[in-house]
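So the structure is just underneath, and the comments pick up after that.
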2 protein chains.
Amino acid sequence: MVELNSRRRAIEDVASELFRAHGYAATSVRDIARALDIQGPSLYAHVASKENVLWAIVDRTAGRFEGAADAAIGAASGDVQATLAALVRAHARVITEDVGSAGVFIHEWRALTGERRAAVLERRDAYERRFRELIEAGIATGDFEMTDPAVAAFAILSALNGIPGWFRPGGRLTTDRVADHFAELALRMLQGDTR
Amino acid sequence: MVELNSRRRAIEDVASELFRAHGYAATSVRDIARALDIQGPSLYAHVASKENVLWAIVDRTAGRFEGAADAAIGAASGDVQATLAALVRAHARVITEDVGSAGVFIHEWRALTGERRAAVLERRDAYERRFRELIEAGIATGDFEMTDPAVAAFAILSALNGIPGWFRPGGRLTTDRVADHFAELALRMLQGDTR
DNA sequence: CCTACCGATCGGTAGG
DNA sequence: CCTACCGATCGGTAGG
């Protein structure tokens with residue numbers, strides 16, 4: 001069981017990186033196998049299909065985003081600004097901690113079909129709603145400057161979701177610094193008055 | 001000649017939408033042909049290869065971004081804030097005016113190979129540099145609040161590049177309203193002090 | 001985890 | 001712009 005799970009996890013890790021770099025459709029089962037030094041068909045001893053591998057990555061990563069957001073909201077003290085900052089920091093950290101799977105979740109969920117695709121869309125909408133409703137609440141209390149909450153939420157989330165495109169682990173910026181920067185920028189965006 | 005060009009343009013428009021919706025690798029030459037009500041091989045009377053179609057879309061769209069940025073900087077009066085607002089508005093409008101080709105430019109350039117891929121990367125870097133250097137200049141003059149210019153530039157551009165993911169032409173927001181919102185949010189982000 | 005192999009589909013060509 | 005067709009590669013199976 002440990003054997004099986006660790007092998008599956010290795011497959012998902014390798015696939016995450018390939019899917020992120022080249023896209024799901026442009027990555028063949030044999031590409032994944034080659035990165036693991038096994039033959040293409042041998043992969044099917046561990047997984048039932050290529051789409052199942054994508055699903056495993058997307059589902060697990062969706063759970064990481066949701067769990068991090070839950071923890072951030074739970075730990076916050078009811079202060080709208082602090083809650084938003086915690087939410088942004090949590091999202092940034094989920095990405096920087098594993099750029100591969102985060103990139104796949106953000107861009108490759110479209111390759112899923114049927115119920116799985118619909119389920120991801122629903123979870124993504126619910127996740128985005130948390131940001132939007134928090135922004136709406138902040139505007140209502142006067143903590144945030146007036147703005148279109150939907151546009152602001154999309155702007156913040158898109159800015160965060162662009163991180164895999166430029167962040168390099170071990171590079172100039174640490175995981176924490178990136179999270180700090182984005183929390184700061186998001187708060188400025190919602191509070192600043194243009195002089 | 002007019003015939004040829006208009007036919008090529010129709011191919012690019014149809015391909016833009018398919019590449020944006022499903023990705024370049026997941027879109028077959030026959031998919032493009034079907035959307036034009038012709039047979040797959042007939043497409044090769046107008047284009048030399050599938051990658052050439054992608055290249056035509058990416059190259060033209062890159063030019064539209066660059067041209068819009070040139071015009072925005074040229075029209076601005078030297079005021080750093082106004083210049084950044086104009087740059088952001090221009091970028092937003094290029095996207096909302098043609099979500100298909102913009103989405104392809106933003107996400108599918110990775111499918112290009114060799115020199116074309118390298119050329120796009122170089123142009124993209126030069127384009128990003130304009131944002132970064134303008135932010136650096138604004139910080140130096142005190143017009144913008146202190147921040148990491150690279151992170152701020154990536155945040156603004158990623159926020160803008162997320163527009164194809166949610167903007168629906170003919171929907172609640174017009175092209176101009178979206179441009180206004182993003183210019184406002186970008187300025188707030190760079191000017192606001194967190195209280 | 002391997003070799004041998006399957007049907008389907010891919011981008012593209014020949015010849016009209 | 002069409003039909004007929006090509007070699008290559010795809011995801012996946014059989015049988016060990």
Side-chain angles (χ1 to χ4, degrees), chain A residues 1-59 104 108-117, chain B residues 1-59 104 108-117:
Chain A
M1 195 53 111
V2 173
E3 265 301 310
L4 180 75
N5 285 337
S6 73
R7 204 59 181 139
R8 277 196 60 130
R9 184 50 195 262
I11 292 170
E12 290 172 23
D13 286 345
V14 154
S16 290
E17 196 44 42
L18 291 171
F19 290 167
R20 188 198 62 83
H22 311 292
Y24 173 80
T27 303
S28 73
V29 167
R30 283 153 180 87
D31 289 334
I32 301 169
R34 192 180 310 119
L36 292 161
D37 270 313
I38 60 175
Q39 296 300 312
S42 301
L43 219 78
Y44 289 89
H46 303 102
V47 298
S49 71
K50 185 187 170 189
E51 189 178 329
N52 274 15
V53 176
L54 175 60
W55 170 248
I57 297 165
V58 167
D59 184 39
V104 171
E108 303 301 327
W109 62 268
R110 293 163 179 276
L112 292 168
T113 57
E115 293 176 22
R116 287 170 167 179
R117 191 190 154 104
Chain B
M1 196 51 112
V2 172
E3 266 301 308
L4 180 75
N5 285 337
S6 75
R7 203 61 181 137
R8 277 197 60 129
R9 185 49 195 263
I11 292 169
E12 289 171 25
D13 286 345
V14 153
S16 289
E17 196 43 41
L18 290 171
F19 291 167
R20 187 199 64 83
H22 311 293
Y24 173 79
T27 304
S28 74
V29 167
R30 282 151 181 88
D31 289 334
I32 301 170
R34 193 180 308 117
L36 293 161
D37 270 315
I38 59 176
Q39 296 300 311
S42 302
L43 221 80
Y44 289 90
H46 303 103
V47 299
S49 71
K50 184 188 172 190
E51 188 178 330
N52 274 16
V53 176
L54 175 61
W55 170 246
I57 296 165
V58 168
D59 185 40
V104 172
E108 302 300 327
W109 63 267
R110 291 163 180 278
L112 292 168
T113 56
E115 293 175 22
R116 288 170 166 182
R117 192 190 152 103

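Quick caveat, the model's predicted, so the values are computed rather than measured. Excluded from the calculations below are hydrogen atoms, water molecules and symmetry mates; all remaining heavy atoms, backbone and side chain alike, are included.
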Tell me which of Q39(A) and R30(A) sits closer to the 5' end of DNA chain C, going by the nucleotide each one is nearest to. Q39(A)
Under a 3.5 Å cut-off for both contacts, is dG16(D) paired Watson-Crick or G-U wobble with anything, and if yes, with which nucleotide? dC1(C)
One should read off an interatomic distance between L36(A) CG and R7(A) CZ, to the nearest 0.5 angstrom, of 5.5 Å
Cationic tip of K50(A) above Y24(A) ring, under 6.0 Å, 45° of axis: yes
Outermost nucleotides of DNA chain C that come under 4.0 Å of a non-hydrogen atom of chain A: dC1(C) to dA4(C)
Might you point out which heavy atoms bring E12(A) and A56(A) nearest each other, and give the distance in Å? OE2-CB, 3.4 Å
Does the side chain of S28(B) come under 3.5 Å of the side chain of D31(B) through a donor N or O and an acceptor N or O? yes
Pairing partner of dG11(C), by Watson-Crick or G-U wobble and under 3.5 Å for both distances, is dC6(D)
Does any part of the side chain of V104(A), heavy atoms only, come nearer than 4.5 Å to the side chain of W109(A), both counted from C-beta? no
